[in-house]
Protein chains: 2
Amino acid sequence: MTDNKFKPAPEPTVRRLSRYYHLLTSLKEEGINDISSTTIANEIGVDPTLVRKDIEYMKVGGKPKTGFNVNLLLDSIRSYLNWVNPKDAFLVGCGSLGTAMLGYGRFKNYGMNFLAAFDVDDLKIGTTIHDTPVFELQKLTELAKRMEVQIGVITTPAHAAQSAADLFVEGGIKAIWNFAPIHLRLPENIILENAQLTQSLAVLTRNLIHQQLK
Amino acid sequence: MTDNKFKPAPEPTVRRLSRYYHLLTSLKEEGINDISSTTIANEIGVDPTLVRKDIEYMKVGGKPKTGFNVNLLLDSIRSYLNWVNPKDAFLVGCGSLGTAMLGYGRFKNYGMNFLAAFDVDDLKIGTTIHDTPVFELQKLTELAKRMEVQIGVITTPAHAAQSAADLFVEGGIKAIWNFAPIHLRLPENIILENAQLTQSLAVLTRNLIHQQLK
């Protein structure tokens, strides 16, 4: 573990690092080996000073003329975002969104590995969805404890999300990734990340107003 | 259209307004009619000053003792976020995430209405997914122009996302909601909102490090 792991970056920086990662992956595929912070800034559409500050959190050295090595930067971002060693995760709610999540095999590249899924539907319990076994919801707490699972993902309807969260907390989970359109009440030591699509959609629909007024 | 529509709020405020909306919806179902900014702040876990500033963007009046009327605040948020009159949208990429999106009927409540979906898979073209008709991708540009569609949603694999975006731009779309893990290159006048789940996951996996160091 290196020093840079200890310097916490603000959330907007973490979000941008993830966007740089996608950009750099594309550029790497195009055969580009070195990149300047100004190029990154132009491509993403943010201020170059901001890009330099973001990259400083990871303490990656750049060269004055050629800029940053793309591979090195990609590795640094993966390491900084804790994507190198995937953490085990359980998912509750095997509806269409839950199924889509289980089918996205690349989450392993982004630090998360689905061990099992849970549902209340007898038709789903005992099956596998995209190679992940589905268990009855009652087994969640015990299995989470036994397997020391760190991440709980909630893709249930709104009305079922709080009780799913409570089961995760009882099972000793450390972080909850919540997709249900509801405000969850959790103990303070639990990390909660809301991935509610409505937040992202709100930014888009709100920006449409400004567009219309131009 | 009221005055408040013209005052632009920063993106973090817009995201928080969406979270307040979910909280207020839950409280309303619990029979609560009035709420203070301090209560909202405590529930969401942010500073009360921030909540008050966020609400100021919408110019909703509160009473000194009882605080804000929950219904009035809900209506104000919906109006401010442009959720009152849903905009028409096309979706490209009817894989598992695209199918999940089409199945989430509540997007209408959040300002977006799916008119049609597009794919390159002959088995999907000509069918309907959750009541939305699926057309061949080649028809996108012409249909978008003819129906004056405003929002384009991209749920394709990464390699197909840029060409889908180009078709949307050619079709006169105003905003793109991108779920593909790729950096899109778009003309400046197009609104781009990246809903890449990896951004949200990055915040969670990064926070897990801080948790482990406590």
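Quick caveat, the model's predicted, so the values are computed rather than measured.
Proximity to chain B is limited to the side chain of A/L27, based on heavy atoms less than 4.5 angstrom apart. Only the side chain of B/I151 comes within less than 4.5 Å of a heavy atom of chain A; its backbone N, CA, C and O stay farther away. Of the two parts of B/R16, neither the backbone nor the side chain holds a non-hydrogen atom closer than 4.5 Å to a non-hydrogen atom of chain A. Of the two parts of B/Y20, neither the backbone nor the side chain holds a non-hydrogen atom closer than 4.5 Å to a non-hydrogen atom of chain A. The part of B/F179 that comes within reach of chain A is its side chain, from C-beta onward, which places non-hydrogen atoms under 4.5 angstrom from that chain. Residue B/T25 does not touch chain A at all, counting heavy-atom pairs closer than 4.5 Å.
Using a 4.5 Å cut-off on side-chain heavy atoms (C-beta onward), A/T132 and A/V134 make no contact. Looking at heavy atoms from C-beta onward, B/D121 lies out of side-chain contact with B/C94 at the 4.5 angstrom threshold. Using a 4.5 Å heavy-atom threshold, the side chains of A/S18 and A/W83 count as touching. Side-chain contact between A/L208 and B/K87 is present, with heavy atoms from C-beta onward closer than 4.5 Å. Annotation: side chain of B/L17 is not in contact with side chain of A/R206 (no heavy-atom distance under 4.5 Å).
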(message) Applying ring-ring contact (aromatic ring centres under 6.0 Å, His included) to B/F118 and B/F90, what does each step give before you reach the verdict?
(response) CA-CA 8 Å; B/F118 298 83; B/F90 279 177; 4.9 Å; yes

(request) Would you check, one step at a time, whether the test side-chain contact (heavy atoms from CB on, under 4.5 Å) holds for A/Q162 with A/L184? (result) CA-CA 6 Å; A/Q162 182 64 53; A/L184 293 178; 3.8 Å; yes

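In this structure, A/Y57 and A/Y80 have tilted ring planes: the angle between them lies in the 30° to 60° band.
Of all residues in residues 107-115 of chain B, those placing a non-hydrogen atom less than 4.5 angstrom from a non-hydrogen atom of chain A are B/F107, B/Y110, B/G111, B/M112. Contact annotation for residues 30-53 of chain B against chain A (heavy-atom separation below 4.5 Å, listed by residue number): B/E30, B/E43, B/I44.
Side-chain atoms of B/S163 come within 3.5 Å of backbone atoms of B/A160 as a donor-acceptor pair (strictly under, hydrogens ignored). For B/T205 (side chain) and B/L201 (main-chain N/O), a donor-acceptor pair under 3.5 Å exists by modelled atom type. Panel note: side chain B/Q196, backbone B/A180; a donor-acceptor pair is recorded below 3.5 Å. The closest donor-acceptor contact from the side chain of A/T141 to the backbone of A/L167 lies under 3.5 Å.
With chain A as partner, the option from B/P181, B/G98, B/A175 having the largest number of non-hydrogen pairs under 4.5 angstrom is B/P181. Most heavy-atom pairs under 4.5 Å with chain A: of the set B/L97, B/L23, B/L197, B/T99, this distinction falls to B/L197.
Between A/I176 atom CD1 and B/L204 atom CG the span is 9.5 Å, to the nearest 0.5 Å.
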